[in-house]
Colleague: 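So that we are looking at the same thing, I have put the structure below in structure tokens.
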Amino acid sequence: MKAEDIKTIALIGAGDMGHGIAQVCAMAGMKINLYDIKQEFVDKGMAKMKASFEKQVAKQKISADDLSKMMGNVKGFTSLKDAVADIDYAIEAAPEILDLKIKIFKEMDENAPKHAILASNTSNMSITEMGKATTRPDKVLGIHFFNPPVMMALVEVIRGQKTSDETMTASYELFAKMKNFRGPMVPVRVERDSPGFIFNRINAPVGLYLAQIYEQGLVNPEAVDAKIRSIGSPMGPYETMDFSGLDVYMHGTEYFAKTLSPEFKPANWLKKMNEGKTLGKKSGKGIFDWPEGNRPQIDMSKADPNFDPMDIICLQVNEGTKLLEEGVTGSAAEIDKAMVNGGGSPFGPFALAKGMGWPKVTERCEAISKKLGVKWFLPTETLKKGNVQI
Ligand SMILES: NC(=O)c1ccc[n+]([C@@H]2O[C@H](COP(=O)([O-])OP(=O)(O)OC[C@H]3O[C@@H](n4cnc5c(N)ncnc54)[C@H](O)[C@@H]3O)[C@@H](O)[C@H]2O)c1
């Protein structure tokens with residue numbers, strides 16, 4: 001199938017990501033089948049889509065006519081069978097639980113037309129395993145949008161072990177044509193199905209580092225966020241955890257603990273917050289308070305002078321060299337492109353660390369590993385040899 005043949009897309013799950021991805025697809029003129037397990041969740045997803053489009057009408061970015069056309073193309077479903085009956089493409093955006101996703105892929109495969117491509121918006125999990133649950137693993141891939149899809153440009157297009165070139169190309173071209181509220185979407189090819197793909201994998205050691213320095217009482221999250229925002233980032237790392245949901249973050253760390261290293265197992269503070277349903281923005285309180293869903297007030301005067309953002313960059317570069325060694329992507333420049341478009345930074349980690357020199361980056365990773373007692377931070381052979389082109 002070619003990108004231009006894709007006209008009807010099912011979104012499986014109408015939550016934060018499902019309704020946002022549905023908006024981006026609706027803006028490209030697609031017909032949307034929006035599915036969730038209960039009518040109230042479908043209605044909530046549709047209401048959020050409409051409210052978000054209405055804000056664009058108020059700002060005169062789209063017309064009221066565009067809004068009614070786009071919303072007129074969205075149909076709600078509580079039967080998965082019916083939701084995928086007439087589609088060309090499906091994107092699953094259900095909770096980050098592999099067994100649940102496998103079940104959904106089996107059911108989509110049984111009911112979708114034979115030509116349809118089936119994608120998962122999983123943050124980290126195995127596309128290959130989802131493909132195995134179907135009779136069409138060549139047409140199964142990962143399509144990873146970032147939160148919120150109407151603002152963030154990156155879309156990782158992820159190849160599972162059996163994904164065909166045709167599926168990769170059709171998907172890449174489909175999303176390369178789309179735009180969100182800020183501008184064109186930026187798809188990046190991920191050539192190997194590896195935990196966390198590019199963006200989340202590069203940030204996996206950062207999450208572990210932030211969890212550990214907080215757990216070991218070395219920092220105050222507000223002071224770290226103030227420091228990171230003072231150098232131009234629109235959102236600090238602890239606020240980002242709250243924004244995405246501490247449940248989503250914990251599922252991610254549990255998955256990395258299983259697939260990458262036991263060192264990723266959730267920190268005690270994170271487990272406690274999840275037990276108490278203190279999940280961040282979605283519950284009104286997380287690491288910070290989110291009054292009525294509004295962003296937390298970060299006191300910029302508290303910026304931590306001892307927190308060096310280059311520690312994070314060095315850990316990201318080291319992780320990037322692991323992706324190069326594993327063949328997940330072919331170049332440091334592609335990793336930087338993903339990091340710029342999936343996050344708020346104007347530069348990727350390789351571009352930022354290049355001036356420091358790879359021997360210094362290597363030394364820094366060794367020092368962080370020793371200080372926190374985490375082996376995962378030890379530098380790779382590629383980094384030690386300075387074998388990085390950028
Ligand atoms: N939130 C983020 O920042 C983010 C970013 C990128 C990717 N993701 C991934 O997107 C997926 C969805 O995350 P989210 O943040 O939208 O979660 P969410 O909790 O906001 O939404 C999940 C939706 O799935 C529905 N659901 C539950 N069981 C289902 C089933 N059996 N079939 C279909 N739908 C079902 C829920 O009712 C809910 O509406 C996850 O895989 C997550 O890892 C999340």
Colleague: Relative to the ring of Phe146, is the ring of Phe199 parallel (under 30°), tilted (30 to 60°) or perpendicular (over 60°)?
Modeller: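 Ring orientation of Phe199 relative to Phe146: perpendicular.
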Colleague: Under a 4.0 Å N-O cut-off, is there an ion pair linking Arg201 with Glu319?
Modeller: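 Yes.
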Colleague: Can a salt bridge be assigned to the pair Glu107 and Lys81 using a cut-off of 4.0 Å between side-chain N and carboxylate O?
Modeller: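 Between Lys81 and Glu107 there is no salt bridge, as every charged N stays at least 4.0 Å from the carboxylate O atoms.
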Colleague: Assess whether side chain to side chain contact (heavy atoms under 4.5 Å, CB included) is satisfied between Val24 and Met185, documenting all intermediate values.
Modeller: CA-CA 9 Å; Val24 175; Met185 301 305 294; 4.1 Å; yes
Colleague: If the threshold is 4.0 Å, N to carboxylate O, is there a salt bridge linking Asp311 and Arg364?
Modeller: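 Here Asp311 pairs with Arg364 in a salt bridge, since their nearest N and O are under 4.0 Å apart.
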Colleague: Got Pro149 and Met17 here, is their nearest side-chain heavy-atom distance under 4.5 Å?
Modeller: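 In short, these two side chains touch, coming nearer than 4.5 Å.
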Colleague: Report the relative orientation of the aromatic rings in Tyr238 and Tyr214; use parallel for angles under 30°, tilted for 30 to 60°, perpendicular for over 60°.
Modeller: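 If you compare the ring of Tyr238 with that of Tyr214, the planes turn out perpendicular.
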Colleague: Assess whether side chain to side chain contact (heavy atoms under 4.5 Å, CB included) is satisfied between Gln161 and Asp193, documenting all intermediate values.
Modeller: CA-CA 7 Å; Gln161 262 170 29; Asp193 184 11; 5.9 Å; no
Colleague: Closer than 4.0 angstrom, basic N to acidic O: yes or no for Glu191 and Arg189?
Modeller: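 Salt bridge: yes.
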Colleague: Does Lys277 have more than 12 heavy atoms from other residues, nucleotides or ligands lying within 6.0 Å of its NZ?
Modeller: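 No - once you tally the heavy atoms of other residues, nucleotides and ligands closer than 6.0 Å, there are 12 at most.
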Colleague: Quick check for you: to the nearest 0.5 Å, what is the distance between Ile62 atom CD1 and Lys69 atom NZ?
Modeller: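 These two atoms lie 11.0 Å from each other.
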Colleague: Please check this pair: side chain of Thr321 against backbone of Thr380, looking for a donor-acceptor N/O pair closer than 3.5 Å.
Modeller: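 Checking the backbone N and O of Thr380 against the side chain of Thr321, no donor-acceptor pair under 3.5 Å is found.
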Colleague: Do Tyr255 and Phe264 have their ring centres less than 6.0 Å from each other?
Modeller: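 No: the rings miss the under 6.0 Å criterion.
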Colleague: Identify whether the distance between the nearest side-chain nitrogen and carboxylate oxygen of Glu239 and Arg229 falls below 4.0 Å.
Modeller: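 Salt bridge flag = yes for Arg229 with Glu239.
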Colleague: Would you kindly check if the NZ (Lys) or CZ (Arg) of Lys384 is within the cone defined by 45 degrees around the ring axis of Trp358 and under 6.0 Å from the six-membered ring centre?
Modeller: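 Verdict for Trp358: no cation-pi partner in Lys384.
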Colleague: Quick one about Glu215 and Asn268 (side-chain donor to acceptor, distance below 3.5 Å, no hydrogens or angles considered), yes or no?
Modeller: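 Result is yes, a qualifying pair exists.
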Colleague: Assess whether a salt bridge exists between Asp247 and Lys282, defined as any Lys/Arg side-chain N lying under 4.0 Å from an Asp/Glu carboxylate O.
Modeller: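 A salt bridge is present here (some side-chain N lies under 4.0 Å from a carboxylate O).
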Colleague: Using 4.0 Å as the upper bound for N to carboxylate O, is an ion pair formed by Lys139 and Glu166?
Modeller: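 Looking at Glu166 and Lys139, the cut-off is not met.
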Colleague: Pair Thr78, Ile37 - check side chain to side chain contact (heavy atoms under 4.5 Å, CB included), show working.
Modeller: CA-CA 6 Å; Thr78 52; Ile37 47 175; over 6 Å; no
